[in-house]
Amino acid sequence: MNTIQQSLFGESQEELQGDDRQTPNEIAKLIGAKLIKTTDETILCPAAGTGQIVKFLPTTRKIVCCEINHNRYLTGITNTAHIANCHWIHGNFFQVYCGFPEFEPIVNNKFDLVIDNPPFSNALDFIQTSLELLNPNNPEARVCFLLPGDYFYGKQRRMKLKSLDCHIHHIYPTGVGDGRIAYLDVSGKPEKGRQVYDVVFDIRLRRNGGVISYLFDL
C-alpha cells in the first residue's frame, strides 16, 4: 500500500463535524458488492474517511483514497491494508486535484469510477470535480455518491447540477430497512432519529435520461 501526505490546510479545516458521517458496514458492503463493474479498473474515493466503503471494494482494482482528516486517514490505511494496490493521500481533495504532483502519476488523473459518501455540505463541488476526473475512454465511467434522496430538490442545488454537463443516470435506493441510514458518528456509534431517506446517485457525463433500481434487488 502506498501513502502520500500533504499539508495544505490548517487544523481548523480538519474539523468537519457536520460532515463526519461514516457509512455503516451493512450499507458499505452492499455498495461494494452491487455497484462495481468489471470495467472499473481504477477507482477514486475523494473523501474516503476511515475506508468504510473502500474496504469492501474488490481487492484486484487500483484504488486511490483521499482524506483530509489525519485521524481518519490513519484509520483508513489500517482498514484497507488487505488491498495491495490502494493509494492513500492525506490532504484536501480539491487542493490535491489542483496540482499535487504525486497524484497524477498514479492513474493519470482518470478514473472509471468515483465512489463515496461525500460531505453533504459541499457534495456538488465533489461531483463537479469528480466528473472532470472520469475516464473519457470508458462509456461506463461514472460518479456514484450516497446522498439524501431529496438532495437535489432545492432550487440552488438543482440549478447547479443542471449547469454541469452531466445527468443522473440511475438512482439506487438501498432497499434496506425503511431507507433511512443510521450513519456512524465520530465515535463509531449509529445516529438516532434520522428522518432523511438516502440513495446512491449514479451520475455520468453528458445529458441523458435515467432510471431507478433498488440495490437490494440487483
Side-chain angles (χ1 to χ4, degrees), residues 19 21-67 76 80 83 86 93 97 107 109-120 122-152 157 160-161 164-176 179 181 183 196-218:
D19 288 324
R21 303 175 183 88
Q22 296 294 308
T23 312
N25 283 331
E26 179 185 24
I27 302 299
K29 187 174 183 178
L30 191 61
I31 290 173
K34 300 290 188 177
L35 293 182
I36 308 304
K37 299 178 180 290
T38 57
T39 55
D40 296 331
E41 296 181 2
T42 55
I43 301 174
L44 169 67
C45 196
T50 59
Q52 280 294 100
I53 291 177
V54 179
K55 68 184 182 182
F56 292 109
L57 297 178
T59 58
T60 56
R61 311 306 168 89
K62 182 178 291 185
I63 303 172
V64 176
C65 305
C66 188
E67 174 53 44
T80 59
I83 305 177
C86 184
F93 170 59
Y97 164 69
V107 287
N109 277 12
K110 297 301 176 185
F111 297 88
D112 300 306
L113 171 65
V114 182
I115 191 167
D116 216 329
N117 163 21
F120 297 164
N122 61 338
L124 273 166
D125 294 329
F126 275 87
I127 291 171
Q128 181 175 3
T129 301
S130 297
L131 287 169
E132 296 173 11
L133 295 174
L134 291 179
N135 181 0
N137 298 317
N138 181 0
E140 296 292 321
R142 65 213 182 280
V143 175
C144 287
F145 278 176
L146 178 63
L147 292 166
D150 62 355
Y151 192 78
F152 298 108
R157 287 175 176 169
K160 172 67 174 178
L161 185 68
L164 304 177
D165 183 23
C166 70
H167 66 281
I168 297 175
H169 178 77
H170 215 112
I171 297 175
Y172 299 97
T174 66
V176 175
I181 297 176
Y183 290 99
V196 181
Y197 297 87
D198 299 272
V199 302
V200 176
F201 289 95
D202 177 331
I203 303 173
R204 307 193 182 190
L205 289 169
R206 292 172 289 279
R207 303 191 184 282
N208 209 327
V211 292
I212 299 175
S213 296
Y214 284 87
L215 282 174
F216 187 79
D217 294 329
L218 291 180

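In this text the structure is predicted, and so the values were computed from the model without any measurement.
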**Request:** For Leu131, check side-chain contact (heavy atoms from CB on, under 4.5 Å) against everything at least two apart and list the hits.
**Result:**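 Result, side-chain contact (heavy atoms from CB on, under 4.5 Å) vs Leu131: Ile127, Leu134, Val143, Leu164, Cys166, Ile203, Leu205.
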**Request:** Enter the distance from Ile36:CD1 to Cys144:SG here, rounded to the nearest 0.5 Å.
**Result:**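 If I round to the nearest 0.5 Å, the distance is 7.5 Å.
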**Item:** Side chains of Tyr151 and Leu124 in contact at under 4.5 Å (non-hydrogen atoms)
**Value:**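 They are in side-chain contact.
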**Message:** Once salt bridge (Lys or Arg N to Asp or Glu O under 4.0 Å) is applied, do any residues pair with Lys37, and if so which ones, sequence neighbours excluded?
**Reply:**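 Per chain and number, Lys37 pairs via salt bridge (Lys or Arg N to Asp or Glu O under 4.0 Å) with Glu140.
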**Request:** Could you grab the distance from atom CG of Leu147 to atom CG of Asn117, nearest 0.5 Å is fine?
**Result:**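 One finds 7.5 Å between CG of Leu147 and CG of Asn117.
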**Approximate separation, where rounding is to 0.5 Å, of Cys45 SG and Lys55 NZ** =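 These two atoms lie 12.5 Å from each other.
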**Prompt:** Going from CD1 on Ile53 to CD1 on Ile115, what distance comes out if it is rounded to the nearest 0.5 angstrom?
**Reply:**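 Separation between the atoms: 6.0 Å.
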**Message:** Restricting to non-hydrogen atoms, name the atom on Phe120 and the atom on Leu146 that form the minimum distance, rounded to 0.1 Å.
**Reply:**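 Reported closest heavy-atom pair: CE2-O, 3.9 Å.
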**Under the side-chain hydrogen bond (donor to acceptor under 3.5 Å, both in side chains) test, residues paired with Ser130 that sit two or more places apart** =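 side-chain hydrogen bond (donor to acceptor under 3.5 Å, both in side chains) check on Ser130 returns nothing, list empty.
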**Message:** Just verifying a value: how many Å separate Leu113 CG and Leu57 CG, rounded to the nearest 0.5 Å?
**Reply:**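 Rounded to the nearest 0.5 Å, the CG-CG separation comes to 7.5 Å.
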**Close side-chain approach of Pro173 to Tyr197, heavy-atom, < 4.5 Å** =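 A side-chain contact is absent here, since even the closest heavy-atom pair is not under 4.5 Å.
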**Partners passing side-chain contact (heavy atoms from CB on, under 4.5 Å) against Asn137 (at least two apart in sequence or in another chain)** =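 With sequence neighbours excluded, Asn137 shows a side-chain contact (heavy atoms from CB on, under 4.5 Å) to Asn135, given in chain and number order.
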**Request:** Using the test side-chain contact (heavy atoms from CB on, under 4.5 Å), find all partners of Phe56 that sit at least two apart in sequence or belong to another chain.
**Result:**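 If we apply the side-chain contact (heavy atoms from CB on, under 4.5 Å) test to Phe56, skipping adjacent residues, the hits are Asn25, Ala28, Lys29.
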**Prompt:** Hey, does His167 have a side-chain heavy atom less than 4.5 Å from the side chain of Arg204?
**Reply:**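 Heavy-atom side-chain distance check passes, below 4.5 Å.
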**Prompt:** Would you say Cys86 and Cys65 make side-chain contact, with heavy atoms under 4.5 Å?
**Reply:**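 SC-SC contact between Cys86 and Cys65 confirmed.
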**Asked** How would you list, by chain and number, every residue that makes a ring pair (Phe, Tyr, Trp, His ring centres under 6.0 Å) with Phe152, sequence neighbours excluded?
**Response**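 For Phe152 the ring pair (Phe, Tyr, Trp, His ring centres under 6.0 Å) partners, ignoring immediate neighbours, are Phe201.
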**Asked** Roughly how far, to the nearest 0.5 Å, is CG of Leu133 from CD of Gln128?
**Response**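 One finds 11.0 Å between CD of Gln128 and CG of Leu133.
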**Asked** Between Gln22 and Thr50, is there a donor-acceptor pair closer than 3.5 Å when you use the side chain of the first and the backbone of the second?
**Response**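 Between the backbone of Thr50 and the side chain of Gln22 there is a qualifying donor-acceptor contact (under 3.5 Å).
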**Request:** Specify the closest pair of heavy atoms between Phe145 and Ala123, including all atoms of both residues, with the distance to one decimal.
**Result:**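 Result for this residue pair: CE1-O, 4.3 Å.
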**Request:** Report the residues that fulfil salt bridge (Lys or Arg N to Asp or Glu O under 4.0 Å) with Asp112, sequence neighbours left out, ordered by chain and then residue number.
**Result:**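 In terms of salt bridge (Lys or Arg N to Asp or Glu O under 4.0 Å), with neighbours along the sequence ignored, Asp112 is linked to no residue.
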**Partners passing salt bridge (Lys or Arg N to Asp or Glu O under 4.0 Å) against Asp116 (at least two apart in sequence or in another chain)** =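 Partners of Asp116 under the salt bridge (Lys or Arg N to Asp or Glu O under 4.0 Å) test: none.
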**Message:** Quick one, Asp198 with Ile27, criterion side-chain contact (heavy atoms from CB on, under 4.5 Å). Give me CA distance, side-chain angles, the key distance, then yes/no.
**Reply:** CA-CA 11 Å; Asp198 299 272; Ile27 302 299; over 6 Å; no
**Pairs involving residues 141-150, ordered by first then second residue, that meet side-chain hydrogen bond (donor to acceptor under 3.5 Å, both in side chains) (sequence neighbours left out)** =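 side-chain hydrogen bond (donor to acceptor under 3.5 Å, both in side chains) check on residues 141-150 returns Asp40-Arg142.
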**Message:** If you define the side chain from C-beta out and look only at heavy atoms, does anything of Asp125 sit under 4.5 Å from Phe93?
**Reply:**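 In short, these two side chains do not touch, never coming nearer than 4.5 Å.
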